Engineer: 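This structure is in structure tokens; I'll ask about it shortly.
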Amino acid sequence: MVENFSASMIMMINTAMVGSLGRLAAATVGVNASPMWLLNSIPMGLCVGSTVMVARFIGAREPEKASNVANQTVGGIFVLSLIISLLLFFVMADRVPALLNADPIIMDSAVQYLRILSLSIVPNFIGFACSAMLRGSGNTKTPMFAGLMTNIIIVSLNFMLIFEPLDINIGQIAFTIPRAGLGVYGAAISTVIAQTVFGTFLLSKLCGGKQKIKVDLRRIFKLNWETLRPVIKVGLPALGERLIISFGQTMYQSTVNALGAAASSAHYIALQIESMAFMPANAIGIAATTLVGQNLGAKNKEAAQGYANTTLLFGFCLGLFCFIMLFFLPGPLMSLFIPDAEIISSGASVLRIIAPVEPFFCLLIVINGILRGGGDTRFALIAGLAGMWGIRLGSAYIFVNILQLGLPGAWIAMAADIFTRFAIMFFRYRRKKWLYTGEI
């Protein structure tokens, strides 16, 4: 929870730093947010299988098998991330902003920003994988420390790289703090450096031998189908779900971008504020995956059900808190990130639209974590198809382009998608099939 809350806070600080440069800078970052979410969904989805299997093997007191999973995961993620990084840098960076209907005025800066971010993909993917497996083993403190360290690095480097040199006068003493003045490019460079530290640090922890699981770099490219089979069986549906959701979000972002730089800026900043809900809920979902997975690995279904009930209660309480914040304080929250009155008003209106579904969103995330712990990942893919592609994208097109409701129409579509996915996943949870998956 501390790690995810700090991640939420750092995204907000980062957004405020970029937002202080104006709506065009915020739009540049916002346009590239959805393709980066899409890319990050790849390790997030694939490593669900690794998290679940590590938790199962640790619960069954078989750490050697858990370490085998870690070796296979790191090797596969490294190869995949290297391919994606090279493709994005040399081929796709010039094309993605145009495909997302980026405003022509920010096109060049969006391309360069994305090209710089492509350099962070390899260490970021490896960091994701290592975090997932450490959590599956029951160690959430090391990923928390890594996250806090990364956040401090980003904020410090942003201060030095984004803004122009700062002149300070104290009485008769005058001096200048040298800063690079790179604008949004400075924010991208900060991210690359911080993510490199993040991935390197977590990999070194797994290689150090003091964890319940250990990575041996000499064995990461030695494929073992017996180890990979259950990881892929659980991970592929989760990857499919993440890709469905993230690719849908990219298409959805394209609809918003067509409304212009002001709408894109308001949308991006409002999403960062809304992350106060789903980032901490993700932490509860991770706890649910680990605790349910370990107890099912230990053949203790009663304890697994008890942890599921407890995490759901935490998720619902968190959702209620977020509803109150987003519905009653949207204007003050928006004003923390950008001084533009038009964007503050636009963002506040859409935050009020999404606020009533936040309790359901938090419950959806926790239920997803519970089902993953039980190895039941296929139904989330169905829910993603129904909600994102069956509800959100079609509704957004109708509300924005036909009914001319603008940005509020797009967020009404988002709310409908979230509630649809919650209803489907809650039905699946109540059937309790996740308690009886047996051997994966």
Side-chain angles (χ1 to χ4, degrees), residues 32-54 66-93 95-96 114-136 143 146 150 191-192 194-207 213-250 289 372 377-378 380-381 384:
N32 285 309
S34 56
M36 293 309 297
W37 291 335
L38 174 61
L39 292 177
N40 286 336
S41 71
I42 295 174
M44 289 173 65
L46 282 176
C47 291
V48 166
S50 302
T51 301
V52 171
M53 294 315 302
V54 165
S67 294
N68 288 338
V69 170
N71 284 320
Q72 301 288 292
T73 300
V74 169
I77 287 293
F78 173 77
V79 173
L80 181 62
S81 62
L82 182 61
I83 293 171
I84 292 173
S85 178
L86 292 173
L87 283 174
L88 185 60
F89 187 90
F90 290 107
V91 180
M92 295 305 299
R95 295 170 172 81
V96 169
L114 187 58
R115 183 167 280 126
I116 296 171
L117 283 185
S118 70
L119 302 177
S120 71
I121 289 175
V122 173
N124 191 33
F125 275 32
I126 291 175
F128 264 123
C130 294
S131 291
M133 292 182 292
L134 284 168
R135 293 184 186 113
T150 303
T191 300
V192 172
Q195 295 293 1
T196 300
V197 174
F198 171 72
T200 303
F201 171 78
L202 287 174
L203 182 60
S204 70
K205 287 295 181 181
L206 282 181
C207 293
I213 55 176
K214 181 179 178 180
V215 169
D216 184 348
L217 294 179
R218 296 169 298 180
R219 298 172 56 196
I220 61 175
F221 298 121
K222 295 181 180 179
L223 299 182
N224 184 318
W225 176 246
E226 184 180 350
T227 300
L228 282 176
R229 184 189 63 80
V231 173
I232 292 173
K233 183 179 178 181
V234 176
L236 274 183
L239 173 61
E241 179 226 349
R242 292 310 313 163
L243 288 177
I244 284 169
I245 298 298
S246 297
F247 188 64
Q249 287 173 333
T250 303
T289 298
R372 286 173 176 172
T377 56
R378 296 179 183 176
L381 189 151

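As the structure is a prediction and not an experimental result, all values here were calculated from the model.
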Engineer: Give me the atom names and distance for the closest heavy-atom approach of L114 to A93.
Structural biologist: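 Result for this residue pair: CD2-CA, 4.0 Å.
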
Engineer: Who passes ring-ring contact (aromatic ring centres under 6.0 Å, His included) against F201, sequence neighbours left out?
Structural biologist: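 Partners of F201 under the ring-ring contact (aromatic ring centres under 6.0 Å, His included) test: F145.
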
Engineer: Could you grab the distance from atom CD1 of I232 to atom CZ of R229, nearest 0.5 Å is fine?
Structural biologist: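 The distance works out to 10.0 Å.
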
Engineer: Can you see which heavy atom on I245 is nearest to which on G384, and at what distance?
Structural biologist: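 Result for this residue pair: CD1-CA, 3.7 Å.
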
Engineer: Verify the neighbour count for atom CZ of R378: are there more than 12 heavy atoms of other residues, nucleotides or ligands below 6.0 Å?
Structural biologist: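 Atom CZ in R378 is not packed in, count stays at 12 or less.
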
Engineer: Which atom pair, heavy atoms only, marks the closest approach of L134 to I213?
Structural biologist: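 Looking at all heavy atoms of both residues, the shortest contact is N-CD1, 4.3 Å.
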
Engineer: How long is the gap from CG on L217 to CG on L203, to the nearest 0.5 Å?
Structural biologist: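 Those atoms lie 5.5 Å apart.
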
Engineer: Step by step, would you call V54 with R135 a side-chain contact (heavy atoms from CB on, under 4.5 Å)?
Structural biologist: CA-CA 9 Å; V54 165; R135 293 184 186 113; over 6 Å; no

Engineer: Taking distance alone, no hydrogens or angles, what donor-acceptor pairs closer than 3.5 Å link side-chain atoms of residues 38-48 to residues at least two apart or in another chain?
Structural biologist:
| from | atom 1 | to | atom 2 | distance (Å) |
| --- | --- | --- | --- | --- |
| N40 | OD1 | N124 | ND2 | 3.0 |
| N40 | ND2 | M36 | O | 3.3 |
| S41 | OG | L38 | O | 2.4 |
| S41 | OG | S246 | OG | 3.4 |

Engineer: Apply the test side-chain contact (heavy atoms from CB on, under 4.5 Å) to residues V197 and T150: give CA-CA distance (whole Å), side-chain angles for both, the deciding distance (0.1 Å), then the verdict.
Structural biologist: CA-CA 7 Å; V197 174; T150 303; 5.7 Å; no

Engineer: In Å, rounded to the nearest 0.5 Å, how long is the span from CD1 of I220 to CD1 of I126?
Structural biologist: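 Interatomic distance, I220 CD1 to I126 CD1, rounded to 0.5 Å: 7.5 Å.
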
Engineer: What pair of heavy atoms forms the shortest contact from I121 to S81, and how long is it?
Structural biologist: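 For I121 and S81, the tightest heavy-atom pair comes out as CG2-O, 3.7 Å.
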
Engineer: Do you know which two heavy atoms are closest between A380 and E241, and how far apart they sit?
Structural biologist: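 Looks like O-CG, 3.4 Å.
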
Engineer: How long is the straight-line distance from NZ of K205 back to OG of S131, given to the nearest 0.5 Å?
Structural biologist: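 These two atoms lie 13.0 Å from each other.
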
Engineer: Tell me whether Q249 contacts the main-chain N or O of P35 through its side chain, where contact means a donor paired with an acceptor under 3.5 Å.
Structural biologist: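 It does not hold such a pair.
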
Engineer: How long is the gap from CG on N71 to CG on L206, to the nearest 0.5 Å?
Structural biologist: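 Spacing of CG (N71) from CG (L206) equals 9.5 Å.
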
Engineer: Measuring from atom CG of L117 to atom CD of Q195, what distance do you get when rounded to the nearest 0.5 angstrom?
Structural biologist: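 It comes to 9.5 Å.
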
Engineer: Please find the pair of heavy atoms, one from A70 and one from M133, that lie closest to each other, and give the distance.
Structural biologist: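 Closest pair (atom of A70, atom of M133, distance): CA-SD, 3.2 Å.
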
Engineer: Donor-acceptor pair, T377 side chain versus R372 backbone, under 3.5 Å?
Structural biologist: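 Answer holds: no.
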
Engineer: Between I84 and F125, is any pair of side-chain heavy atoms under 4.5 Å apart?
Structural biologist: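 Heavy-atom side-chain distance check passes, below 4.5 Å.
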
